[in-house]
Amino acid sequence: MQFDYAYRGSTAVNNQGDRTELSFSPDVTRPPTYFSGQLRQNVAFREAISALHDVVVSDLRFKPKDKTAYKAWAAQQEQVDLEAIAGQRREVAGRVKVLREELHALEKESASRMQPFYAARQRYFQYLYEKNRDLWFVLDPVITVHPDEAFFECFSQDESSYGRLGASYEVFQDVGEFSCGTTNVDYSSPLYDEFQKIRSYKQTRFTVDPSGFTTQTGGDAAYKEVKIDLPDSWVRGFLQVNSAMALPAVRFSLHPMDVHNLLFVLKRHKEKKGPRALRYLLTPGRPVTLVLEPWGTRVECPRSVYEGPGTHDIRVWGRRRLGVLERLIPVARRFTVHLLGTGLPSFYVADLGDLSFTLGLSGWTANDWSTAGNFDLMAPRGQVDALTRDRVFGALKETWLATPEALAARLGLERGTVLGALSAWTQAGRAIWDLNKGVYRARELSREPLPVEALRFSNEREASATRFVDAGSVTVRAQPSATDGSLTLEGTVREGKHVLRPSLRLDADQRMVFGECTCNFFQQNKLFRGPCEHLLALRLGNARAARS
């Protein structure tokens with residue numbers, strides 16, 4: 001999927017002894033979006049924007065060693081006659097000794113001769129890192145200006161971590177005119193280093209420059225066009241993370257000192273074997289307890305008491321990614337943790353006062369949002385007609401942010417219908433769920449509408465589920481609950497000669513909270529990789545039956 005941008009110039013940095021001016025260059029092909037303000041909370045903003053940078057450049061995927069040469073050597077060794085080698089052992093040993101002495105002398109001479117080359121190579125790599133650092137970024141950062149805050153969004157290189165930095169206008173003073181909307185900003189190479197120079201005693205002005213919108217691009221040498229061909233996985237990843245945010249989760253708060261203790265233990269220990277899980281032991285009215293496997297090390301959190309319902313033992317993986325939060329500990333008031341369940345995504349929202357930083361982690365480092373999460377399939381999937389969807393989005397665009405209840409009251413619609421429409425717009429890249437404030441926000445990921453048809457089925461399972469229903473291979477029995485509004489679905493799905501027996505439960509908001517199936521995919525993966533096609537077919541079949 002190709003994204004085209006046009007910037008009038010590049011991001012400019014004017015750093016002087018008493019002040020710093022950061023001027024971002026927005027994409028002039030999108031509706032005018034701009035903002036200007038002087039930072040009031042310099043240090044907190046510096047640490048938060050630096051943590052966002054750490055998310056972008058992180059890549060913790062396992063990189064196996066190249067064993068091609070070894071395997072070729074091992075294959076040759078199998079052809080060697082071991083008896084002949086044994087007979088010539090003494091002769092060969094003498095020759096090897098002489099060769100080793102000669103080789104040792106040559107290595108000393110070569111090391112001195114190659115030293116200038118090694119030094120030049122290191123300088124070259126350093127040059128690439130400093131001068132072409134935008135190669136570390138998959139896409140220029142997305143910045144959104146809303147009536148109450150401006151926020152950045154980004155993904156890590158391995159697509160397993162999501163970062164969002166929200167800055168309310170209380171972070172700034174002397175706020176100038178601003179225009180709400182979403183745009184991409186030119187993120188030039190030296191910008192990260194300039195962020196590190198922000199100090200509390202220096203005035204720092206932050207500007208998304210509006211001047212580029214006043215001049216036509218034709219023939220202007222100051223304009224530069226950028227074309228980025230992104231894989232569909234990147235786009236789906238952005239959509240998946242918000243679907244995961246809206247799912248039910250176990251929620252509790254951690255004191256910054258307790259987060260420090262956890263990261264301190266992780267930095268002092270390096271696991272050499274599995275399991276590498278981090279377990280959260282939650283008991284109402286008791287301090288949160290963390291258990292680090294495989295050592296069984298317990299980290300007590302006396303400052304963090306779990307006040308939610310029920311007792312929980314939840315395991316998550318990819319804990320090294322929590323190192324991104326280290327820079328935020330000195331400026332954070334608390335960290336709110338949202339756990340979807342064992343092996344499912346987790347979210348950490350750092351309360352920095354008027355700033356908030358959200359770190360979203362997939363179930364595993366190698367389990368990126370787009371190819372293995374499929375959490376949009378577990379989000380509300382109610383069928384909403386196009387006119388109703390447009391009404392809901394139009395109402396959201398009027399105020400830029402709103403709760404589902406407020407939209408339902410304004411439009412005279414049921415809450416479930418509004419949630420279904422918002423879910424559809426989220427999956428189309430035009431709305432997001434703000435986990436920090438609990439509202440939906442209008443945020444259009446791209447200038448042109450995303451190819452929804454191409455992204456309609458994020459995997460073959462959802463396409464298969466639709467084919468099952470269209471072929472009449474699904475039978476459904478619905479059992480609504482009179483107490484909590486949940487719905488239990490049971491039935492069968494005929495797949496060739498086999499009959500599968502899926503069952504699932506939807507909560508009052510039509511979100512999947514439980515599922516079982518007799519198919520091989522579910523037996524191997526449970527819900528860790530999203531629901532199987534038979535669970536999806538059961539849900540889709542019930543939705544169609546309800547409409548008929």
Side-chain angles (χ1 to χ4, degrees), residues 47 51 54-55 58 60 62 156 158 160-163 241 244-245 247-352 356-367 373 435-436 526-528:
E47 297 305 308
D54 293 341
V55 172
S58 66
L60 299 179
F62 173 70
S156 63
D158 55 18
S160 72
S161 302
Y162 165 84
V241 67
M245 282 183 179
L247 292 175
V250 176
R251 177 178 173 178
F252 58 93
S253 295
L254 287 179
H255 190 277
M257 197 62 197
D258 294 325
V259 177
H260 164 76
N261 293 338
L262 168 63
L263 298 180
F264 179 76
V265 175
L266 285 175
K267 291 176 68 175
R268 292 194 62 185
H269 296 79
K270 176 65 175 178
E271 64 279 354
K272 296 183 180 180
K273 62 179 182 179
R276 299 176 174 87
L278 171 61
R279 294 174 56 196
Y280 288 90
L281 305 181
L282 308 174
T283 303
R286 301 289 300 171
V288 175
T289 300
L290 310 176
V291 180
L292 282 71
E293 299 177 343
W295 316 291
T297 303
R298 299 173 69 92
V299 178
E300 302 290 342
C301 303
R303 307 168 187 82
S304 308
V305 177
Y306 176 61
E307 299 177 350
T311 301
H312 303 276
D313 183 352
I314 300 176
R315 303 171 73 199
V316 296
W317 285 262
R319 60 198 180 196
R320 296 285 171 182
R321 294 172 291 173
L322 293 175
V324 171
L325 302 176
E326 186 173 13
R327 295 195 66 155
L328 304 178
I329 292 175
V331 293
R333 297 178 179 179
R334 65 177 177 272
F335 292 87
T336 303
V337 184
H338 301 254
L339 302 177
L340 271 64
T342 296
L344 296 178
S346 54
F347 296 91
Y348 301 80
V349 182
D351 180 2
L352 312 177
S356 67
F357 184 90
T358 302
L359 174 66
L361 305 179
S362 60
W364 291 268
T365 302
N367 181 6
L435 192 62
N436 181 48
K526 305 301 180 186
L527 290 176
F528 296 162

Minimum heavy-atom distance [X]-[Y], with the two atoms named:
X: Arg279; Y: Asp313; answer: NH2-OD2, 2.6 Å
X: Leu262; Y: Val299; answer: N-CG1, 4.4 Å
X: Leu527; Y: Leu344; answer: O-CD2, 3.8 Å
X: Pro256; Y: Phe335; answer: CA-CE1, 3.9 Å

Problem - Any Leu361 side-chain heavy atom under 4.5 Å of Val316 side chain - result: no

Handout entry: Pro284 and Tyr306, any side-chain heavy atoms less than 4.5 Å apart
Key =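 Yes; the side chains approach each other to less than 4.5 Å.
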
Problem - Listed partners of Arg251 passing salt bridge (charged side-chain N to carboxylate O under 4.0 Å, His left out), at least two apart - result: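 So Arg251 forms no salt bridge (charged side-chain N to carboxylate O under 4.0 Å, His left out) with any residue.
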
Completion exercise
For Asp54, the salt bridge (charged side-chain N to carboxylate O under 4.0 Å, His left out) test, sequence neighbours excluded, returns none

Practice task
Please report the C-alpha distance between Ser346 and Arg321 in whole Å, then the side-chain angles of each, then the deciding distance to 0.1 Å, and finally whether the side chain to side chain donor-acceptor pair (under 3.5 Å) criterion is met.
Solution key: CA-CA 11 Å; Ser346 54; Arg321 294 172 291 173; over 6 Å; no

Handout entry: Pairs involving residues 268-289, ordered by first then second residue, that meet ring pair (Phe, Tyr, Trp, His ring centres under 6.0 Å) (sequence neighbours left out)
Key = Phe252-Tyr280, His269-Trp295

Problem - Under-4.0 Å salt bridge between Arg319 and Glu293 - result: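 No, Arg319 and Glu293 are not salt-bridged.
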
Practice task
Give a yes or no on whether the backbone of Ser362 and the side-chain of Ser160 come within a donor-acceptor separation of less than 3.5 Å.
Solution key: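 The answer is no, because no donor-acceptor pair under 3.5 Å joins these two groups.
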
Problem - side chain to side chain contact (heavy atoms under 4.5 Å, CB included) assessment of Leu254 paired with Val288 - result: CA-CA 8 Å; Leu254 287 179; Val288 175; 4.2 Å; yes

